[in-house]
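Quick one: the structure is below, and I'll ask about it shortly.
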Amino acid sequence: MKVLSHIYIVVLCLCCKSCIGLSNKKQTDSLAVEYVSVTNTELMKDIDSLAVIYKDNGKIKSAKGDKQGAIEDYTQAVRISPNYAIAYHNRGVVKSFIGNKKEAIIDFNTAIKIDSLKSDSYFARGNAKSSLGDKKEAIKDYDKAIEINPHFAIFYYNRGLARFAIGDFEGEISDYRMAIKLDPKDQDTYNNLGRALYDLKRFKEAAEAYGEGISHFPDDYELYYGRGLARNQSGDKKGACDDWRKSSALGCLQANLLLPLCEDCED
């Protein structure tokens, strides 16, 4: 069956960003969290108990939405115990959350200086740098976080987003594949991988990536929409139309734009 023209597909893609596209808006900070418990007893042996109380209070205030109060408590903690890496890290997380990325980076720098094996601080600093547009330096931090702890999918996921931004598309794809290997239950990663392969005109691989995502998330209309585009470009118009119909039924209104092109397809 005749494949839809590439130009027409591109126009439709531009109109349908809510159904498919790079999920950079979904950069995750889920490991850039404030810590309550402590595992490195060597680093904690000189931490004053009052500093620990301030740190714990800061965590509670932050959880309740009192970010400024949390910052004040973390500041008290580091005044009492200047080598309290976790308090610096936590304060950096809160500062980053409220948009103060530059001051957050200073806190992450201090936390890393105190504890050079804090993979989460490298990750959080990388996120802050990425938000400021410094993708290359962000990648260096993600590299270090992965070197210290290679078992967290989101380290690779966020590095993949940063690699996309600098044009390292093969590196981006490699990172998404590793993220899926470590955590096969994240639908954004499948969507990003499928989109990245599609952009490189590796349509069959893109369809496979979307299909793998569908096996885990059978109600995700973005995955069906993306696979439909990839299938169409591979010459499988019937499969493409099946996916667009499914995407439309699941709520992707823009998929309706493609359905008139499927009128000559058998159900």
Side-chain angles (χ1 to χ4, degrees), residues 2-28 126-127 130-131 133-136 138-139 142-143 153-184 186-217 220-237 239-244 246-248 250 252-258 261-262:
K2 186 178 180 181
V3 178
L4 304 180
S5 72
H6 181 68
I7 293 176
Y8 192 36
I9 284 294
V10 169
V11 171
L12 286 170
C13 282
L14 292 174
C15 294
C16 299
K17 290 181 180 179
S18 65
C19 285
I20 183 174
L22 178 66
S23 298
N24 56 3
K25 63 183 180 298
K26 297 174 183 175
Q27 171 178 294
T28 178
N127 289 344
S130 181
S131 295
D134 194 351
K135 305 298 183 180
K136 290 184 178 180
I139 288 170
Y142 296 141
D143 288 345
I154 57 175
F155 290 178
Y156 296 93
Y157 177 85
N158 281 15
R159 188 174 68 177
L161 293 174
R163 283 177 160 174
F164 167 81
I166 66 169
D168 179 9
F169 304 124
E170 293 295 340
E172 175 196 11
I173 289 169
S174 176
D175 276 342
Y176 295 150
R177 291 194 189 281
M178 180 57 72
I180 287 170
K181 182 178 179 180
L182 292 170
D183 179 14
D186 188 288
Q187 61 209 78
D188 293 336
T189 313
Y190 293 106
N191 273 305
N192 278 11
L193 175 59
R195 187 272 315 150
L197 291 165
Y198 185 96
D199 285 350
L200 293 179
K201 303 186 187 305
R202 291 158 61 176
F203 302 122
K204 290 185 178 180
E205 290 179 74
E208 291 171 358
Y210 287 122
E212 185 180 354
I214 288 169
S215 70
H216 294 288
F217 303 98
D220 187 305
Y221 59 70
E222 292 183 357
L223 292 168
Y224 287 101
Y225 187 87
R227 189 173 68 174
L229 293 178
R231 280 179 162 178
N232 180 73
Q233 289 300 311
S234 299
D236 180 10
K237 185 178 179 183
C241 288
D242 288 342
D243 281 338
W244 293 333
K246 181 68 173 179
S247 179
S248 176
L250 288 171
C252 180
L253 299 180
Q254 292 89 340
N256 294 333
L257 296 173
L258 295 171
L261 304 171
C262 299

Review point. Would a 4.5 Å heavy-atom cut-off, applied to side chains only, mark Asp168 and Ile139 as touching?
Key: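 Not in contact.
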**Study point:** Expected output: side-chain Tyr210 to main-chain Glu222 donor-acceptor under 3.5 Å
**Key:**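 No, because the side chain of Tyr210 does not come within donor-acceptor range (under 3.5 Å) of the backbone of Glu222.
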Check your understanding: How far apart are the closest heavy atoms of Ala138 and Gly126, and which atoms are they?
Key ->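 Looking at all heavy atoms of both residues, the closest pair is CB-O, 3.3 Å.
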Practice item. Taking all heavy atoms of Ser247 and all of Ala255, pick out the closest pair and write down the distance. Key: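 Closest heavy-atom pair between Ser247 and Ala255: OG-CB, 3.9 Å.
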Exercise for review: Supply the atom-to-atom distance Asp236 CG to Lys204 NZ, rounded to the nearest 0.5 angstrom.
Suggested key: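 Output value for this atom pair is 10.0 Å.
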Exercise for review: May I ask you to test the Asp243-Asn232 pair for a side-chain heavy-atom distance under 4.5 Å?
Suggested key: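 No, their side chains stay 4.5 Å or more apart.
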Review point. Do Ile173 and Glu205 touch side chain to side chain, with heavy atoms closer than 4.5 Å?
Key: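 Answer no - side chains too far apart.
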Review point. Quick one: CD1 on Ile154 to OH on Tyr142, what's the gap to the nearest 0.5 Å?
Key: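 Answer for the CD1-OH pair, Ile154 versus Tyr142, is 9.5 Å.
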Review point. Taking the six-membered ring of Phe164 as reference, does the NZ or CZ atom of Arg195 fall below 6.0 Å from its centre and within a 45° cone about the axis?
Key: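 Yes, cation above the ring, under 6.0 Å and within 45°.
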Review point. What heavy-atom pair brings Gly194 and Ala206 nearest, and what distance separates the two atoms?
Key: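 Shortest heavy-atom separation between Gly194 and Ala206 comes out as O-CB, 3.5 Å.
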Exercise for review: Mind telling me whether Tyr225 and Trp244 have parallel, tilted or perpendicular rings, with 30° and 60° as the class edges?
Suggested key: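 It falls in the tilted class, 30° to 60°.
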Check your understanding: If we only count heavy atoms from C-beta on, is the Asp220 to Tyr190 side-chain gap below 4.5 Å?
Key ->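 In short, these two side chains do not touch, never coming nearer than 4.5 Å.
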Exercise for review: Grab the two heavy atoms, one from Ala165 and one from Lys135, that are nearest each other, plus how far apart they are.
Suggested key: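 Scanning both residues, the minimum pair turns out to be CB-CG, 3.7 Å.
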Practice item. Could you tell me which residues satisfy side-chain hydrogen bond (donor to acceptor under 3.5 Å, both in side chains) with Asp183, sequence neighbours excluded, listed by chain and number? Key: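 Expected list: none.
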Check your understanding: Less than 4.0 Å between a side-chain N and a carboxylate O, is that true for Arg177 and Glu208?
Key ->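 No.
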Point to revise | Ile214: side chain to side chain contact (heavy atoms under 4.5 Å, CB included) partners, not counting sequence neighbours | key: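 Leu223, Tyr224, Arg227.
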Practice item. Write down the atom of Ala240, the atom of Gly228, and the distance for their closest heavy-atom approach. Key: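 Taking Ala240 first and Gly228 second, the nearest heavy atoms are CB-O, 3.1 Å.
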Review point. Is Lys246 paired with Asp242 through a side-chain N to carboxylate O contact shorter than 4.0 Å?
Key: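 Salt bridge: no.
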**Study point:** Lys237 (side chain) donor-acceptor with Leu261 (main chain) under 3.5 angstrom
**Key:**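 Yes.
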Practice item. Determine yes or no for a side-chain-to-main-chain donor-acceptor pair under 3.5 angstrom, with Asp199 supplying the side chain and Ala196 the backbone. Key: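 Flag not set: sc Asp199 to bb Ala196 has no pair under 3.5 Å.
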Point to revise | Closest non-hydrogen atom pair, Glu172 against Gly160 | key: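 So the minimum-distance heavy-atom pair works out to CG-O, 3.3 Å.
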Review point. Is a side-chain N or O of Arg231 found less than 3.5 angstrom from the main chain of Gly239, in a donor-acceptor match?
Key: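 Side chain of Arg231 to backbone of Gly239: a pair is present.
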Review point. So, do Tyr156 and Tyr176 have ring centers that fall under 6.0 Å from each other?
Key: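 For Tyr156 and Tyr176, the ring centres are not under 6.0 Å apart.
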